[in-house]
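Input: a single structure, listed below in structure tokens.
Worth knowing before you read on, the calculation uses all heavy atoms, side chains too, and leaves out hydrogens, waters and symmetry mates.
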Amino acid sequence: MSRNKFPPKPKYDPDTGPVYLYGLHTVRAALDNPLREKRALLVTPNALMRLQEGGAPVTMRYTETTPKELDRLLGADAVHQGVALEVDPVSRFGLADIRDMRLVVVLDQLTDPHNVGAILRTACAFGADAVVTTARHSPRETGVMAKAASGALDLVPMIEVRNLGDAIETLKQRGLTVLGFDSEAPAPLRPRTGNDPIAIVLGAEGKGLRQRTRELCDEMVRLDMPGPIKSLNVSNAAAIALFAATAGRSE
């Protein structure tokens, strides 16, 4: 029986391989971010034209490619729109790097890259100053997360902390009211009034906030839903929470 002397090339694994960002909005934001280290730009002629129409000219060297080649590289499920950018992971910040924090989103061990990306996008839309994640039990930066964030990964500082409890204490010391979300919380979410700085804390789907995290929050609230479905995807809950937190602001 004959053997194939040249085994198939291993499939690209976004969890261990290079970081590829893809999609027009995502790549444009990364190209415009001076802090982002870019390694290689793969782009179809049509996508290059659309990138240039949507902003400043593309100044880095690029390799012309085809949609099929990008499908082979990224997988058939990647909605790449004809462009992929190999990058170094975005630099993570510390709490001390953000001077003025008035609205912060804190994620307690969220591991799904789709949800984290969607929350980044929503946080950016509502003007959040940072998104805090844990060093462990949080997703690696991937094209999936960046695509869900639609450019927000290069617009909103991500703060990575080893001890979430210490980080929450630091936020409180800096004058932020820490609002935790839990389906069993005694008080319903109400629109906030005034301009007091606030941190919104969200837990992973299923297990929610950890006990220590709940204990450190200044307030615990729930989302009241009158319909037959009583739970929401965490990224949808984040959008409602951010709307309620900012609805009463005067600026």
Side-chain angles (χ1 to χ4, degrees), residues 25-26 29 33 90 92-110 112 114-134 138 145-146 148-161 164 167-183 185-205 208-209 213-214 216-227 230-251:
H25 289 297
T26 302
N33 182 359
V90 70
R92 299 296 174 101
F93 294 80
L95 288 173
D97 295 322
I98 314 298
R99 292 185 179 180
D100 183 25
M101 291 192 293
R102 299 180 61 245
L103 180 61
V104 175
V105 178
V106 180
L107 306 180
D108 186 6
Q109 297 192 345
L110 264 70
D112 188 311
H114 292 92
N115 283 334
V116 174
I119 289 170
L120 274 165
R121 181 177 184 175
T122 302
C124 183
F126 280 95
D129 301 299
V131 173
V132 177
T133 65
T134 53
S138 63
M145 185 168 77
S150 191
L153 193 60
D154 285 274
L155 297 172
V156 178
M158 286 192 72
I159 297 173
E160 191 174 85
V161 299
L164 191 64
I168 291 174
E169 293 281 23
T170 299
L171 292 173
K172 292 164 73 171
Q173 291 167 9
R174 292 182 60 173
L176 281 78
T177 298
V178 179
L179 190 65
F181 282 76
D182 188 283
S183 60
L189 172 66
R190 303 292 185 199
R192 312 290 293 188
T193 58
N195 294 325
D196 293 339
I198 190 168
I200 293 169
V201 188
L202 300 162
E205 289 189 68
L209 297 182
T213 304
R214 290 198 296 268
L216 289 171
C217 292
D218 294 306
E219 302 176 38
M220 290 295 301
V221 297
R222 67 178 187 274
L223 296 178
D224 273 345
M225 287 165 281
K230 298 299 182 182
S231 63
L232 290 175
N233 176 282
V234 65
S235 62
N236 293 330
I240 295 172
L242 284 163
F243 176 78
T246 58
R249 287 190 168 180
S250 59
E251 57 179 42

If every non-hydrogen atom of L155 is compared with every non-hydrogen atom of G151, which pair is closest and at what distance? CG-O, 3.4 Å

Are any of the side-chain heavy atoms of V156 and V105 separated by less than 4.5 Å? no

How far apart are the closest heavy atoms of D182 and R214, and which atoms are they? OD2-CD, 3.6 Å

Passes side chain to side chain contact (heavy atoms under 4.5 Å, CB included), M220 versus L209? Steps please. CA-CA 10 Å; M220 290 295 301; L209 297 182; 3.8 Å; yes

Out of curiosity, I159 CD1 to L107 CG, how far, rounded to the nearest 0.5 Å? 11.0 Å

How close do A241 and L189 get, heavy atom to heavy atom, and via which atoms? CA-CD2, 4.2 Å

Within the 4.5 Å heavy-atom criterion, are L153 and T26 side-chain neighbours or not? no

Nearest heavy atoms of D112 and H114, plus distance in Å: OD1-N, 2.7 Å

Nearest non-hydrogen partners of A245 and I200, listed with the distance: CB-CD1, 3.7 Å

Side-chain polar contacts of residues 170-181 - donor-acceptor pairs under 3.5 angstrom, sequence neighbours left out - could you list them?
| unit_1 | atom_1 | unit_2 | atom_2 | d |
| --- | --- | --- | --- | --- |
| T170 | OG1 | D166 | O | 3.0 |
| K172 | NZ | L216 | O | 2.8 |
| R174 | NH1 | L95 | O | 2.8 |
| R174 | NH1 | I98 | O | 3.3 |
| R174 | NH2 | I98 | O | 2.5 |
| R174 | NH2 | R99 | O | 2.6 |

Is there a side chain to side chain contact (heavy atoms under 4.5 Å, CB included) between L164 and V132? Walk through the geometry before answering. CA-CA 9 Å; L164 191 64; V132 177; 4.2 Å; yes

Just by distance, do the side chain of D97 and the backbone of G94 share a donor-acceptor pair under 3.5 Å? yes

Could you pull out every donor-acceptor pair under 3.5 Å between side chains of residues 117-131 and any protein atom, sequence neighbours left out?
| unit_1 | atom_1 | unit_2 | atom_2 | d |
| --- | --- | --- | --- | --- |
| T122 | OG1 | A118 | O | 3.1 |
| D129 | OD2 | R102 | N | 2.7 |
| D129 | OD2 | L103 | N | 3.0 |

What pairs with R222 under side-chain hydrogen bond (donor to acceptor under 3.5 Å, both in side chains), at least two apart in sequence or on another chain? D224

Looking at every heavy atom in both M145 and V116, which two are closest together, and how far apart are they? SD-CG1, 3.6 Å

